[in-house]
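To start, the structure under review is shown below, and the notes come after it.
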Amino acid sequence: MEIIKPLIQYLAVIILSPLLLGLINRVKAKFAGRRGQPLLQLYFDLYKLSYKTPVYSRTTTWLFRAGPVIGLSAILCALAALPFAGRPGFLAFDGDFIFLIYLLGLGRFFTVLAALDTGSSFEGMGASREVQFAVFSEPAFFLALAALSKATGKLSLSGMFLALEPASWQAAAPALLLLTAALFIILLAENSRVPVDDPNTHLELTMIHEVMVLDHSGPDLAYILYGAALKLWFFGALIASAVLPRHSGSWLYDGAAFLGMMAVIAAAIGTVESVMARLRMIKVQYLLMGALVFSILALLFQTGR
Amino acid sequence: MGLYPLAALAFGGALLHVLNHALFKGLLFMGAGAVLHGAGTAEMEALGGLSKRMPRAAFLFVLGAAAACALPPFNGFAGEFLIYLGAFSALNGPANIVLAALLALAVLSAAGALALAVFSKAAGAVFLGEPRTQAAAGAHNCGPLMNAGMTLLAAACVVSGFAAPFLILPVSTALGAAFGLRTTLDFSGAAATPLIYLTAAFLALAAIVWVLAEKRRFFLGGRQPAAGPTWDCGYAAPSARMQYGASSFSQPLTAFFQPLLRKTLNIPVIAGYFPGKASFSSEARSVVFDHLYAPVIVRLRGLAFRFSWLQHGRLQFYILYIVAALMALLLWKL
Amino acid sequence: MSTLAELTIVFIILLNLALAVSGSMSVCIRLAAIQGVAAGLLPLLAGGGVMRGRAMAFAAFIILLKGAVFPWLMFRAREKTGARRDVDPLIGYPSSIMLCLGAFAASSWLGSRLPLPHSGVAFIVPASLATIFTGFLLITTRAKAITQVLGYLVIENGIYIFGLALFVEQPLMVELAILLDVFVAVFVMGIAIFHISREFDHIDTDQMDELTDWHQSEEGGNI
């Protein structure tokens, strides 16, 4: 088992992921004609928050303090198993993507419980909507990965991405296109991007992810923000690995291409956020059902081949 | 027949899940019993904030709820993982098997997400937040024996989560008794490697949690966090009834599935600019019970009622029944 | 080229899903027009790159008809009758999209059972059957008369794609004959809708379920 390369990949992910959010904000600012926040703003925010003294509500219990820790641990553990530029991370085994999706579920469970712990109706609203969206996005996620598994014939994430050649894009173009679209919609939903949720405002209309963490402060909030950046990297890496099928054999070249693709995806997210408004709550359900339908279609196309 | 190993994997996963299910379901039911004992009611809309009054029970219930949602690293995960793996392996088979696998995957994942919604609702509405009624505010803690029972089961949940590869042996034995040696070998061969990797991943997860908790303590640097009320957006008089209750938490989902659930809503008519008191109620009766079980049971009861004349309470006739039955058996055997 | 044809088929199937769920009539008319144009382009893409003059002329004619003439007729019918903008579906979004998806799965299965010649492009038969089914869905679950004409147009798109799968000798001649029928039908229906709306002040077929003679006889009028 290699140690050095996966370790360097893991460190790269841990250090570079807050940059993605900075990129997205910069793209949105460009669209709005502003200059925008510095690219490294999230790093400064994390540093500032880590050394602040938190304020805890008297209603909260141990769950409120444990929620951010468990959420961040879940996504850090998931990143250890995530392939980087098509190459496996620390852990790669048959069915590892099932473990990854359930790790995200673990983070979601404890975030929701920490939100309900505050006894505030705002957090309850966000938690209720969060679990509702999960009912639609998790089947879509599983079926998109099922379509990918069928297209490549492998059962582990790194196996699937390693088996994707430009020839497989030729052969299975409709299925791969549809599942990439489904994964992109799921990325928008899970990371609270427009059109599912507005990451900037705290109005009742957009109370989903942002409001679940309304009462956190200090190091807890730093953990949550960092976890959100890592989760964005997670979904972006899945899309980048699916879209970039070239494996030139050189670790450096592939890694650079992968990082470039992540930047392109961040720009794409920023563009989508700038040209669309947030959807009505009912329409968000339909959007996620659309992602589910894309995944099912991708699987059916791959079957009929 | 390349499909044989997949069936073994999925079936073994199901058996493993049944085994783990016994552990966490027992824990959850005990938790419900503790709540009923402490607060005197099991109505979720009337509870809340019990985590401060019965902390040990709350902790163990949350653990059981996490295991019930099949979350890693608890024991519910391993069985579901094997079932998923079986379904994914089935995708390489013929077309009708692929359709069955698609259906299985869609239903399994939707059910998993619904389970997460349900258990976060249950744990949240009962134990977290502020108490909604006096009964909840005055709840008393359960005794040490109750806590001991729950702790035992919770420890079993955690241990069998981390030691899932050891559970392959009893499951393989069961499979072998039912289906033969080949199934046993298929199952243990396919399930061993992933489960061992999973245990390694669970240990990594536990290590990361410990590291992050220590880091947090370091960041706090010995300072005492400040205490304050929950942020209420400047509202002047927040009350405990304003929290999200159990039915309001699940309202988006129940609204989506309304054609199946047939919830009845009792919405008041509000007229005028300064309306007075109004009350709203919603009830979700079990559709399966009302339309499937109840008619059948009523019919069965009616049928059985026809024979109620047999039960009249007179001892002599009961003795006559016994003698008649013995005579009939004797004549039949002759 | 075959990849491009396959992607066009996928696009047509996605248009079916969009037709099943969209709620605005102008969007539906445009979607049906785009689907007709895509169906018209298919023989050029699936022909293996051989661009015969006659094939191109036919394709251009069909694209003009389905992409420009039919939408124009439908929009005119809608303005003349002053119909409302939305479509009034009788079943909700989740049910319609699941029905459409189920139709695609069923037509895939059906396509594998039918003894058809193996065409170079995959999914032609499932796409055509799914399009025909979407047309039926539009006809049965929408209450306005214009959307029923739209459903008929979508069915015709599906039949056209199915004709491609059959590799009939001179398929375009047969198709042109069908297209002429459809053209006349749309024309006639357009005129009929205009007259219906002038007579009844609406084109809601849901409400046109009784003969007025029956009404009069019940109220004691003259038969």
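Each chain gets a letter, A, B and so on, in the order the sequences are listed, and its residues count up from 1.
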Heavy-atom distances under 4.5 Å only: say whether [X] touches chain A with side chain, backbone, both or neither.
X: Ala255(B); result: neither
X: Ala65(B); result: both
X: Ser89(B); result: both
X: Val62(B); result: both

If the contact rule is any heavy atom under 4.5 Å from chain A, which residues of residues 74-84 of chain B qualify, in numerical order?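 Checking residues 74-84 of chain B against chain A gives Phe77(B), Glu80(B), Phe81(B), Tyr84(B).
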What are the two closest non-hydrogen atoms of Ala201(B) and Cys77(A), and how far apart are they?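 Nearest pair, atom of Ala201(B) first, then Cys77(A): O-SG, 3.8 Å.
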Which residue out of [options] racks up the most heavy-atom pairs below 4.5 Å with chain A?
options: Val211(B), Thr193(B), Leu114(B), Leu99(B); result: Leu114(B)
options: Leu198(B), Leu105(B), Asn92(B); result: Leu198(B)
options: Ala117(B), Ser120(B), Gly112(B); result: Ser120(B)
options: Gly49(B), Ala113(B), Ala204(B); result: Ala113(B)
options: Phe218(B), Phe256(B), Phe119(B); result: Phe256(B)
options: Ala111(B), Pro252(B), Ser248(B); result: Pro252(B)

Have [X] and [Y] got a donor and an acceptor in their side chains that come within less than 3.5 Å?
X: Gln251(B); Y: Thr254(B); value: no
X: Ser57(A); Y: Asp215(A); value: no
X: Ser120(A); Y: Gln243(B); value: no
X: Thr59(A); Y: Glu130(B); value: yes

Check: Phe64(A) ring centroid to His216(A) ring centroid under 6.0 Å: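 Yes.
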Between Trp231(B) and Thr118(A), does the side chain to side chain contact (heavy atoms under 4.5 Å, CB included) criterion hold? Intermediate values first, please. CA-CA 9 Å; Trp231(B) 169 247; Thr118(A) 59; over 6 Å; no
Under the salt bridge (Lys or Arg N to Asp or Glu O under 4.0 Å) test, residues paired with Arg216(B) that sit two or more places apart: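 Applying salt bridge (Lys or Arg N to Asp or Glu O under 4.0 Å) to Arg216(B) gives Asp220(A).
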Do the side chains of Lys231(A) and Glu190(A) get close enough for a salt bridge, i.e. N-O under 4.0 angstrom?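 Counted as a salt bridge, because a side-chain N and a carboxylate O are separated by less than 4.0 Å.
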Residues in residues 44-53 of chain A that sit under 4.5 Å from chain B, counting heavy atoms only: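 At a heavy-atom separation under 4.5 Å, chain B is reached by Ser50(A), Tyr51(A), Lys52(A), Thr53(A).
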Using the side chain to side chain contact (heavy atoms under 4.5 Å, CB included) criterion, which residues pair with Val98(B)? Sequence neighbours excluded.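 Expected list: Lys150(A), Thr303(A), Leu91(B).
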